[in-house]
Amino acid sequence: MDAPYAKLDELEPGIARVLAHNPSAFTYYGTQTYLIGTSEVALIDPGPDSPEHLDALNKAVGNRPVAAIMCTHTHRDHSPAAAPLAARFGAPIVGCAALALETVGPRADASFDRDYTPGRVLGDGEALEVDGDPVVAVATPGHTSNHLCFSWRGALFSGDHVMGWSTTVVVPPDGDMAEYMASLDKLRQREDRVYYPAHGPAVNNPQQYVRHLVGHRMQRERQILSLVAGRPRTIPHIVANAYPSLDPRLTAAAGGSVLAHLIDLERRGLVERRDGGWTAV
Ligand SMILES: [Zn+2]
């Protein structure tokens with residue numbers, strides 16, 4: 001596929017996207033920045049701070065007023081363009097909180113944008129009006145502790161919480177499997193008609209897709225429990241057995257997801273740490 005970098009791609013009336021040129025094992029073809037609104041717009045997940053992407057967004061916005069620059073979370077493929085775009089358009093940065101680094105210790109690694117500074121943080125259920133309709137924040141911690149989805153006119157901008165091409169990476173200490181599962185359950189109780197994720201195609205069957213994701217994680221959990229039954233096992237051993245045909249670039253992320261499952265199972269009293277590994281209780 002020829003990915004349509006730096007082009008405005010209209011998805012439905014009032015919703016368009018521009019794909020940033022930052023493909024990787026974690027971003028698929030790149031980050032999709034969404035423009036919502038017609039006479040007035042907001043940008044969701046501004047993406048990386050690259051000249052090509054900023055110029056494409058500038059062209060896509062044209063002369064229209066920008067109500068807000070909105071970020072679902074602060075991974076470096078999502079939020080670094082927020083500040084330059086806010087300056088260019090005279091628009092506020094509204095959405096997720098910055099990561100609370102000082103109170104919780106070393107949660108943030110190099111994948112986090114430490115410069116992100118929101119003008120207004122939206123709590124769960126809080127909204128901002130864009131082009132006459134509310135954009136409502138849906139708190140969805142798990143992938144990161146500060147993750148929000150945004151709902152507007154029946155569409156849910158799902159960031160990295162639910163993606164159209166891959167399961168979501170959940171890496172401790174900031175990523176939390178129990179929170180991620182609770183956030184999936186929260187979406188399962190909603191009636192969004194479509195999801196527009198930051199990476200990968202739109203999800204046109206949200207309810208069914210979220211049920212599939214929950215089933216996938218529960219299957220992974222059962223698999224990990226059976227691998228640690230009887231004797232302690234290390235995370236590399238679990239990864240090698242649970243992900244047999246894994247892309248080597250994703251080994252560390254898979255280890256993170258296994259750790260996230262083990263921490264959750266430990267809290268529930270189902271596994272414990274012993275002899276340098278993990279084992280079922
Ligand atoms: Zn992310």
Side-chain angles (χ1 to χ4, degrees), residues 17-34 43-50 53 69-83 93-101 104 106-118 121-122 137-150 156-184 186-187 195-203 209-210 213 216-217 247 249-261:
R17 75 178 159 201
V18 175
L19 177 64
H21 201 168
N22 59 338
S24 77
F26 296 99
T27 63
Y28 197 48
Y29 287 99
T31 304
Q32 300 173 115
T33 299
Y34 291 97
L43 301 183
I44 295 177
D45 278 339
D49 181 6
S50 79
H53 191 54
I69 314 290
M70 309 187 74
C71 298
T72 59
H73 65 299
T74 49
H75 273 148
R76 294 198 57 79
D77 55 322
H78 290 256
S79 55
I93 299 172
V94 180
C96 71
L99 222 58
L101 299 170
V104 290
R107 289 181 94 108
D109 59 18
S111 65
F112 281 93
D113 170 14
R114 289 159 184 269
D115 300 324
Y116 171 76
T117 311
V121 172
L122 294 180
V138 182
T140 42
H143 171 65
T144 61
S145 58
N146 61 353
H147 196 287
L148 299 178
C149 296
F150 298 115
L156 189 81
F157 297 86
S158 57
D160 283 3
H161 176 50
V162 173
M163 299 191 283
W165 73 289
S166 160
T167 55
T168 290
V169 171
V170 178
V171 176
D174 190 62
D176 185 301
M177 189 59 70
E179 288 193 337
Y180 169 74
M181 294 297 282
S183 293
L184 283 182
K186 185 174 192 172
L187 293 200
Y195 291 169
Y196 291 120
H199 310 284
V203 176
Y209 191 65
V210 170
L213 291 176
H216 169 79
R217 294 290 172 163
D247 177 339
R249 294 173 301 171
L250 297 178
T251 304
S257 278
V258 167
L259 175 60
H261 273 293

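Note that ligands are numbered from 1 as they come in the structure, with each ligand's atoms numbered from 1 the same way.
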### Task
Please list, chain by chain and in numerical order, all residues satisfying salt bridge (Lys or Arg N to Asp or Glu O under 4.0 Å) with Asp176, sequence neighbours excluded.
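Arg267.
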### Task
Just jot down the ring pair (Phe, Tyr, Trp, His ring centres under 6.0 Å) partners of His78, sequence neighbours excluded, or say none.
His73, His199
### Query
Under 3.5 Å, is there a donor-acceptor pair between the side chain of Asp113 and the main chain of Thr74?
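Pair absent, no side-chain N/O of Asp113 close to backbone of Thr74.
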### Task
For the residue pair His143 and His75, categorise the inter-ring angle as parallel (less than 30°), tilted (30 to 60°) or perpendicular (more than 60°).
perpendicular
### Query
Going by the angle between their ring planes, with limits at 30° and 60°, are Tyr34 and Tyr196 parallel, tilted or perpendicular?
tilted
### Task
Would you please name every residue forming a side-chain contact (heavy atoms from CB on, under 4.5 Å) with Thr117, sequence neighbours left out?
none
## Note on the structure
Protein-derived N, O or S atoms lying less than 2.8 Å from the Zn ion (ligand 1), waters not counted, sum to 4
